[in-house]
A.B. asks: 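To start, I am sharing the structure in question, which I have written as structure tokens.
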Amino acid sequence: MTDTTSPDGHRRRGRAGGGEQLTVPPADFSSYYGRPVLKAPVWKYDIAGYLFTGGLAAGGALIGAGAQVTRRPELRTVGRWTALGGVTASTYLLIHDLGRPDRFHHMLRVAKLTSPMSVGTWILAAFGPLAGVAAVAELASLLPQHGVLGLARQLAPPVGDAAGLAAAAVAPALATYTGVLLADTAVPSWHDAYPSLPFVFAGSALAAASGVGLMAAPAAQTAPLRRLALAAATVEMVGGRRLERLGLTGEPYARGRSGRLITAGRVLLAAGTAAALVSRRSRLLAAISGAALVASSVATRFGVFEAGRVSARDPKYTVVPQRERLAGKNTATRA
């Protein structure tokens, strides 16, 4: 048996029978037969914005319901309008990413419990009208006191209260399902983060909505928001640390552009929470802390989105973990 070198530079091993066998060249992780290992997500940055606005809407509904129960009318108003504004922006961004409005309608023709996208569409469709009714009820005081509109003025507050509580009941699903949606894909840095992403998104949602409340509501009514911001920061920080401990697929959460966004979100979250805790009745400090909390949520959502795109483009995040899992199975089988 002899070795020869072919004109293309590859080593060929000759056999006694005269045949030649081309040895496999050293493996790299640039492509698979000239193609990427994974098809990169077709989602545009509209979806990154959708991740943020959906969480903001959910957090707003929860804050509005909490303010309703604890009799903080100005904070309730801010929470309800935050929920409506967030869900309106979410619907627009989702439809814009789909390309045609009728595609969103078509997604509502089927309810598929095994599809996070289908479930999420129905969650959004259920949450939107409830948030809208609750927010519009805040305008009841502008209606005349007599006639048909007077009757509407009387009915709007209780109807709005019921709708606000119902929206708050749907809000946790709206805040976390996007994390499940990302983890349900084959994108390595999203898929491997399935235990943590819903918690990161839940904390981010509450932080963003708390930030809006701190900026817009009277300081005398924002004491619960300061405690909520601390709880949200704790949940998000713990979940975020777990993202970086995923191993190889956790790299995009700590390196490159996506890593810088995640780090910026973490710094803004810590600064905003600290400022919120000491803001008390200072409108200026409350506004600064609120802006930092909202910015932290934006940075975190876009960072997570970008991390997934990075891991889909680089084949090593797919190939190396697969080889490690295969090697582990082979070792277990031999044992």
Side-chain angles (χ1 to χ4, degrees), residues 52-89 127 130-143 153-154 156-172 174-175 202-236 268-298:
F52 165 71
T53 55
L56 179 65
L62 290 170
I63 288 174
Q68 173 187 322
V69 172
T70 57
R71 301 184 183 280
R72 290 177 167 85
E74 288 85 356
L75 181 57
R76 180 198 67 206
T77 300
V78 171
R80 289 181 176 181
W81 283 109
T82 299
L84 179 58
V87 76
T88 300
F127 180 88
L130 294 172
V133 170
V136 171
E138 296 293 332
L139 303 176
S141 61
L142 302 178
L143 298 175
R153 177 179 178 140
Q154 296 177 6
V159 172
D161 288 348
L165 293 176
V170 180
L174 179 63
S204 177
L206 293 175
S210 297
V212 173
L214 287 167
M215 288 188 289
Q221 297 190 13
T222 57
L225 297 183
R226 293 193 288 273
R227 294 190 291 270
L228 183 61
L230 178 60
T234 301
V235 172
E236 185 177 343
L268 288 166
L269 180 62
T273 302
L277 292 176
V278 300
S279 63
R280 299 293 178 179
R281 295 184 179 276
S282 171
R283 291 291 299 147
L284 177 60
L285 194 55
I288 292 174
S289 66
L293 290 172
V294 173
S296 76
S297 182
V298 173

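For this chain, numbers begin at 1 and follow the sequence in order. Just so it is clear, the structure is predicted and the values come from calculations on it, not from any experiment.
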A.B. asks: Step through the shown structure and confirm whether more than 12 heavy atoms of other residues, nucleotides or ligands are within 6.0 Å of CZ on Arg280.
C.D. replies: no

A.B. asks: If you round to the nearest 0.5 Å, how far is CZ of Arg283 from CG of Leu285?
C.D. replies: 11.0 Å

A.B. asks: Do Val294 and Met215 make a side-chain contact, defined as non-hydrogen atoms from C-beta onward lying under 4.5 Å apart?
C.D. replies: yes

A.B. asks: Report yes if some heavy atom in the side chain of Leu268 is under 4.5 Å from a heavy atom in the side chain of Leu293; otherwise report no.
C.D. replies: no

A.B. asks: Work out which heavy atom in Val87 is nearest to a heavy atom in Ala131; give both atom names and the distance.
C.D. replies: CG1-CB, 4.5 Å

A.B. asks: With rounding to the nearest 0.5 Å, note down the distance linking CG in Leu230 to CG in Leu225.
C.D. replies: 12.5 Å

A.B. asks: Less than 4.5 Å apart, any side-chain heavy atom of Val133 and any of Val136?
C.D. replies: no

A.B. asks: Could you point out which residue of Ile63, Leu214, Leu62 forms a side chain to side chain contact (heavy atoms under 4.5 Å, CB included) with Leu228?
C.D. replies: Ile63

A.B. asks: Please report the closest heavy-atom contact between Gly86 and Ala57, naming both atoms and the distance.
C.D. replies: C-CB, 3.7 Å

A.B. asks: Looking at Ala286, is its backbone amide N or carbonyl O close enough to the side chain of Ser289 to form a donor-acceptor pair, meaning the two atoms are under 3.5 Å apart?
C.D. replies: yes

A.B. asks: Of the non-hydrogen atoms in Pro172 and Ala168, which two are nearest, and what is the gap between them?
C.D. replies: CD-O, 3.1 Å

A.B. asks: What's the shortest heavy-atom distance between Pro218 and Glu74, and which atoms?
C.D. replies: CD-CB, 3.5 Å

A.B. asks: Between Phe127 and Ala167, which heavy-atom pair has the shortest distance, and what is it?
C.D. replies: CE1-O, 3.4 Å

A.B. asks: Using salt bridge (charged side-chain N to carboxylate O under 4.0 Å, His left out) as the criterion, list what pairs up with Arg76, not counting sequence neighbours.
C.D. replies: Glu138

A.B. asks: Minimum heavy-atom separation for Ala171 and Ala61, please, with both atom names.
C.D. replies: CB-CB, 4.2 Å

A.B. asks: Please report the C-alpha distance between Leu143 and Leu139 in whole Å, then the side-chain angles of each, then the deciding distance to 0.1 Å, and finally whether the side chain to side chain contact (heavy atoms under 4.5 Å, CB included) criterion is met.
C.D. replies: CA-CA 7 Å; Leu143 298 175; Leu139 303 176; over 6 Å; no

A.B. asks: Can you find a heavy atom in the side chain of Ile288 that is under 4.5 Å from one in the side chain of Leu284?
C.D. replies: yes

